[in-house]
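What follows is a short report on a single structure.
Order of listing sets the numbers, starting from 1, for every ligand and every atom in it. Position 1 is the first residue of the sequence, and the numbers go up from there. Just so it is clear, the values below take in all heavy atoms, side chains as well, and ignore hydrogens, waters and symmetry mates.
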Amino acid sequence: MTKTVFITGASSGIGKATAQLFAAKGWNVAATARSPESLQDLKLSDRVVLLQLDVTDSVTIDKAISQALRQFGNIDVLVNNAGYGLLGPFEFSTPSQIQRQFDTNLFGLFEVTRSLLPHFRQQHSGTIINLSSMGGQLSFPLGSLYHATKWAIEGFSESLQYELEPFGIRVKVIQPGSIRTGFYDRLDLPTETGIKEYDYAMKRLMQQAISASKNATLPNAVAKVIYRAAIDNSQRLRYPASAPILAIRKVLPDRLFFAMMRQISR
Ligand SMILES: NC(=O)c1ccc[n+]([C@@H]2O[C@H](COP(=O)([O-])OP(=O)(O)OC[C@H]3O[C@@H](n4cnc5c(N)ncnc54)[C@H](OP(=O)(O)O)[C@@H]3O)[C@@H](O)[C@H]2O)c1
């Protein structure tokens with residue numbers, strides 16, 4: 001039977017590249033986005049269905065899953081990709097910004113996963129692929145809330161892998177480094193705080209982020225890693241993608257690693 005992948009946030013960047021790659025590999029693709037019009041250029045064949053799904057709206061989640069199952073009969077891989085970055089001084093992040101960050105990056109991912117699990121459990125197979133980040137195992141200044149969502153995804157996934165093993169369900173975590181996508185244009189950023197230390201640090205961070213994103217890897221490199229994770233029947237959990245700094249994080253003790261990060265971000 002042809003395998004099916006269900007992807008959130010397929011309108012751009014990593015999600016879109018992933019939809020294109022799985023379609024090219026002959027999979028059925030349920031490509032979802034908040035506005036299905038943004039998916040039109042993915043309509044490559046009858047194997048691709050474009051569905052409306054906002055990860056913060058459970059009605060759209062249930063509807064999109066039912067439509068995908070009606071169309072293809074099965075879903076084998078879920079790619080929880082939708083997300084964006086809230087950056088800036090924690091002190092100046094508003095409760096509504098914090099809520100939206102967690103609703104999208106974390107609670108949305110929980111809800112899509114929870115809604116698909118009964119299907120995976122019944123078919124006694126399935127792979128859940130969660131988009132974390134290199135920022136799910138290390139952190140940069142002024143990213144505390146974005147990192148909090150990605151570190152939470154790491155802990156959630158690590159525990160869930162044991163819980164779902166008896167049902168034949170695998171959990172995988174993708175950890176991209178800097179990738180050239182719409183991510184940097186869509187950042188939720190504070191306006192100036194009027195506090196010179198914060199404003200200076202923010203300016204520095206943005207300069208670094210913009211220059212990193214210009215030289216960054218293209219999203220199809222991450223799509224390839226996601227594909228590799230999807231067909232990997234091993235128990236491996238984490239898949240870094242263009243994130244060499246994670247190897248350094250693994251070997252250095254905290255004291256040395258933090259000193260290095262302070263040096264980089266000064
Ligand atoms: N780019 C990087 O450097 C990088 C590095 C590490 C991890 N990541 C992670 O990779 C994932 C994909 O990001 P990207 O780089 O491909 O950025 P992107 O080009 O901005 O794509 C993000 C996608 O998420 C979707 N999205 C946002 N809010 C949503 C919601 N409420 N419901 C459904 N979809 C929603 C966007 O859809 P709309 O068109 O509707 O806004 C868009 O399709 C994110 O989880 C991000 O944290 C990115």
Can you name the atoms of ligand 1, numbered from 1 with element, that are less than 4.0 Å from a heavy atom of [X]?
X      : answer
Tyr146 : 7 (C), 8 (N), 46 (C), 47 (O)
Tyr184 : 3 (O)
Thr104 : 28 (N), 29 (C), 31 (N)
Gly13  : 16 (O), 19 (O)
Ser132 : 7 (C)
Ser12  : 18 (P), 19 (O), 20 (O), 21 (O), 43 (O)

Exercise for review: Quick one: closest heavy-atom pair of Pro190 and Leu87, and the distance?
Suggested key: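 The pair with the smallest heavy-atom distance is CD-O, 3.0 Å.
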Practice item. Could you check Leu131 against Ile226 for side-chain contact (heavy atoms from CB on, under 4.5 Å), going step by step and ending with a plain yes or no? Key: CA-CA 9 Å; Leu131 264 290; Ile226 293 173; 3.9 Å; yes
Quick test: of every protein heavy atom, which one is nearest to [atom], and how far off is it to 0.1 Å?
atom                    : answer
atom 27 (C) of ligand 1 : Arg34 NH2, 3.6 Å
atom 38 (P) of ligand 1 : Arg186 NH1, 3.3 Å
atom 23 (C) of ligand 1 : Gly9 O, 3.7 Å
atom 5 (C) of ligand 1  : Gly177 O, 3.0 Å
atom 11 (C) of ligand 1 : Asn81 O, 3.1 Å
atom 39 (O) of ligand 1 : Ser11 OG, 2.6 Å
atom 16 (O) of ligand 1 : Ile14 N, 2.8 Å
atom 17 (O) of ligand 1 : Thr181 OG1, 3.4 Å

Taking 4.0 Å as the limit for heavy-atom contacts, which would you say applies to [X] with ligand 1: side chain only, backbone only, both, or neither?
X      : answer
Ser178 : backbone
Pro219 : neither
Asp185 : neither
Asp54  : both

Review point. Do other residues, nucleotides or ligands put more than 12 heavy atoms under 6.0 Å from the CG atom of Asp41?
Key: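 Yes, CG of Asp41 has more than 12 neighbouring heavy atoms, counting only those of other groups under 6.0 Å.
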**Study point:** Residues, nucleotides or ligands: over 12 heavy atoms within 6.0 Å of Glu165 CD
**Key:**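 Correct, the count exceeds 12.
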Exercise for review: Check the pair Asp57 / Arg34 against salt bridge (charged side-chain N to carboxylate O under 4.0 Å, His left out), numbers first and verdict last.
Suggested key: CA-CA 10 Å; Asp57 178 349; Arg34 284 189 285 192; over 6 Å; no
Check your understanding: So Asp54 and Thr60, side-chain hydrogen bond (donor to acceptor under 3.5 Å, both in side chains) or not? Walk me through it.
Key -> CA-CA 6 Å; Asp54 180 335; Thr60 66; 5.8 Å; no
Check your understanding: Can you tell me if Lys150 has a non-hydrogen atom under 4.0 Å from ligand 1?
Key ->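 Per 4.0 Å heavy-atom rule, Lys150 contacts ligand 1.
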Exercise for review: May I ask whether Leu53 has any heavy atom positioned less than 4.0 angstrom from an atom of ligand 1?
Suggested key: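 Yes, Leu53 has a heavy atom closer than 4.0 Å to ligand 1.
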Return a yes/no value for [X]: is any of its N or O atoms, backbone included, closer than 3.5 angstrom to an N or O of ligand 1?
X      : answer
Ser35  : no
Pro176 : no
Gly15  : no
Leu131 : no
Met134 : no

Assess [X] against [Y]: is NZ or CZ under 6.0 Å from the centre of the six-membered ring, and within 45 degrees of the ring's axis?
X      : Y      : value
Lys25  : Tyr227 : yes
Arg236 : Tyr239 : yes
Arg100 : Tyr84  : yes

**Study point:** Ion pair check, Arg170 and Asp232, cut-off under 4.0 Å
**Key:**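 A salt bridge is absent here (no side-chain N lies under 4.0 Å from a carboxylate O).
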**Study point:** Note: Asp254-Arg249 ion pair, threshold 4.0 Å (strictly below)
**Key:**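 Yes, Asp254 and Arg249 are salt-bridged.
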Exercise for review: Show your working on side-chain contact (heavy atoms from CB on, under 4.5 Å) between Leu246 and Gln175 and close with a plain yes or no.
Suggested key: CA-CA 9 Å; Leu246 283 174; Gln175 301 171 307; 3.5 Å; yes
Exercise for review: For Thr56 and Asp103, test the side chains for any donor-to-acceptor distance below 3.5 angstrom and give the result as yes or no.
Suggested key: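 Judged by distance alone, the side chains do not pair up.
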Point to revise | Test log, rule ring-ring contact (aromatic ring centres under 6.0 Å, His included), inputs Phe140 and Tyr146 | key: CA-CA 10 Å; Phe140 296 94; Tyr146 177 70; 10.0 Å; no
**Study point:** Full working for side-chain contact (heavy atoms from CB on, under 4.5 Å) between Asn28 and Lys3
**Key:** CA-CA 6 Å; Asn28 296 323; Lys3 296 220 173 217; over 6 Å; no
